[in-house]
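Note sheet for the following structure.
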Amino acid sequence: MSSMKIECVLRENCRCGESPVWEEASNSLLFVDIPAKKVCRWDSLSKQVQRVTMDAPVSSVALRQSGGYVATVGTKFCALNWEDQSAVVLATVDKEKKNNRFNDGKVDPAGRYFAANRRSVYKLEKEEQIPDGMCIDVEGKLWVACYNGGRVIRLDPETGKRLQTVKLPVDKTTSCCFGGKDYSEMYVTCARDGLDSKGLLQQPEAGGIFKITGLGVKGIPPYPYTG
């Protein structure tokens, strides 16, 4: 097995990067910056990044089988046309609830797009960490980004046993996905919001996109939304 390598491939300075999704057709990584209201696409070949700004915090993005993408924007499910940067609202929920928004979203194996609203706020002490975004590998094991923990951990979902820990040079790791030519690379998003000036000096790559290679396991392609 090759030795593991961790590198920041894009110093995007995301306030809160989330929802990484690999698009095999374009060799690109999609992700969002929630409070900046942006959907981003990083081309792994050209190293260029494109950004589309939405009208509300955008908490997740996913591939769409018919072309383009879908995203959760505020309390709306939207279809995104990347070519002309247009968005069409597919559905809206909780219109009457002010200051509410989707917190995360994911497409299941049946092609359905699930998203959850923010329902609770938890106070975390300095040394605590909380499970955040996750993905699954070909062996059925779960990889979980630990917010405030600066790491991604591999778990056996049947036993709950921790199998592997990958430490990153940033504290606020938010989510992860597999990608690359054969889904042997892992991409990790993270946040800058919540770090004070000292923390930002100590973690200059906070808010960037990290790539991990040499994990010795591959992931599965993301499921596209079929609607």
Side-chain angles (χ1 to χ4, degrees), residues 1-9 14 16-22 24 29-32 34 59-63 72 102-180 182-191 194 203 205-224:
M1 185 179 72
S2 59
S3 59
M4 189 176 65
K5 180 182 178 183
I6 302 170
E7 61 178 318
C8 182
V9 293
C14 289
C16 184
E18 260 282 8
S19 188
V21 179
W22 184 259
E24 189 172 347
L29 183 77
L30 294 162
F31 60 95
V32 305
I34 298 176
S59 55
S60 70
V61 63
L63 308 180
T72 48
F102 285 122
N103 187 51
D104 205 350
K106 207 96 170 178
V107 178
D108 74 354
R112 299 171 297 184
Y113 196 8
F114 284 89
N117 278 337
R118 298 190 298 175
R119 298 183 185 276
S120 303
V121 176
Y122 298 92
K123 182 177 182 295
L124 294 177
E125 297 304 326
K126 185 176 181 181
E127 297 302 322
E128 288 183 324
Q129 54 180 273
I130 187 170
D132 203 343
M134 58 192 73
C135 63
I136 194 167
D137 62 32
V138 293
E139 297 176 4
K141 301 301 187 288
L142 205 59
W143 291 82
V144 184
C146 297
Y147 185 78
N148 277 351
R151 67 198 65 194
V152 177
I153 58 175
R154 189 186 190 215
L155 301 172
D156 186 323
E158 294 184 358
T159 66
K161 181 181 178 181
R162 184 186 297 198
L163 305 174
Q164 191 172 347
T165 299
V166 180
K167 190 78 174 70
L168 285 90
V170 290
D171 286 343
K172 298 183 180 298
T173 40
T174 55
S175 193
C176 55
C177 78
F178 283 95
D182 54 0
Y183 292 92
S184 63
E185 303 167 349
M186 175 173 283
Y187 290 90
V188 182
T189 52
C190 60
Q203 302 173 43
E205 295 171 329
I209 304 296
F210 288 84
K211 180 173 75 171
I212 306 171
T213 53
L215 285 172
V217 67
K218 298 178 180 179
I220 58 176
Y223 302 110

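These numbers come from a predicted model, not from an experiment. Side-chain atoms are counted along with the backbone in the values below, which use heavy atoms only and exclude waters and symmetry mates.
Between Trp22 and Tyr187, the ring planes are parallel. Angles under 30° get that label, and only those over 60° would be called perpendicular.
When the shell of 6.0 Å around NZ of Lys141 is examined, it contains more than 12 heavy atoms from other residues, nucleotides or ligands. Atom NZ of Lys5 has 12 or fewer neighbouring heavy atoms from other residues, nucleotides or ligands inside a 6.0 Å radius.
Side-chain contact between Lys106 and Tyr223 is absent, with no heavy atoms from C-beta onward closer than 4.5 Å. Using a 4.5 Å heavy-atom threshold, the side chains of Phe114 and Ser60 count as separate. Contact annotation: the side chain of Cys146 approaches that of Ile153 to within less than 4.5 Å [non-hydrogen atoms, C-beta and beyond]. Using a 4.5 Å heavy-atom cutoff, the side chains of Val138 and Tyr183 are not in contact. Considering only heavy atoms from C-beta on, Val166 stays 4.5 Å or farther from Met186 through its side chain. In this structure the side chain of Ser175 never reaches within 4.5 angstrom of the side chain of Asp132, judged on heavy atoms.
Every side-chain hydrogen bond (donor to acceptor under 3.5 Å, both in side chains) that Thr174 has, sequence neighbours left out, goes to Thr189. In terms of the side-chain hydrogen bond (donor to acceptor under 3.5 Å, both in side chains) criterion, residue partners of Ser59 (sequence neighbours excluded) are, by chain and number, Thr72. Glu139 pairs by the side-chain hydrogen bond (donor to acceptor under 3.5 Å, both in side chains) definition with Arg154, not counting sequence neighbours.
With rounding to the nearest 0.5 Å, the separation of CG in Asp156 from NZ in Lys161 is 8.5 Å. Atom CG of Asp104 and atom CE of Met134 lie 9.0 Å apart (nearest 0.5 Å). Rounded to the nearest 0.5 angstrom, Asp137 CG and Ile220 CD1 are separated by 8.5 Å. Atom SG in Cys177 sits 10.0 Å away from atom CD in Glu185 (nearest 0.5 Å). Here the straight-line distance linking atom CE of Met4 with atom OG1 of Thr213 works out to 9.0 Å at 0.5 Å rounding. In this structure, CZ in Phe210 is found 4.5 Å from SG in Cys8, a value given to the nearest 0.5 Å.
Val32 approaches Ser19 most closely through the heavy-atom pair CG2-CB, 4.1 Å. Nearest approach of Cys190 to Cys14, heavy atoms of both residues: O-CB, 4.1 Å. Cys176 and Gly133 get closest at one heavy-atom pair: SG-O, 4.1 Å. Looking at every heavy atom in both residues, Val107 comes nearest to Ala62 through CG2-CB, 3.6 Å.
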Criterion side-chain contact (heavy atoms from CB on, under 4.5 Å) on Leu63 and Leu30, from CA distance to verdict: CA-CA 9 Å; Leu63 308 180; Leu30 294 162; 3.6 Å; yes
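Distance alone, capped at 3.5 Å, is enough to place a donor-acceptor pair between the Arg151 side chain and the Gly149 backbone.
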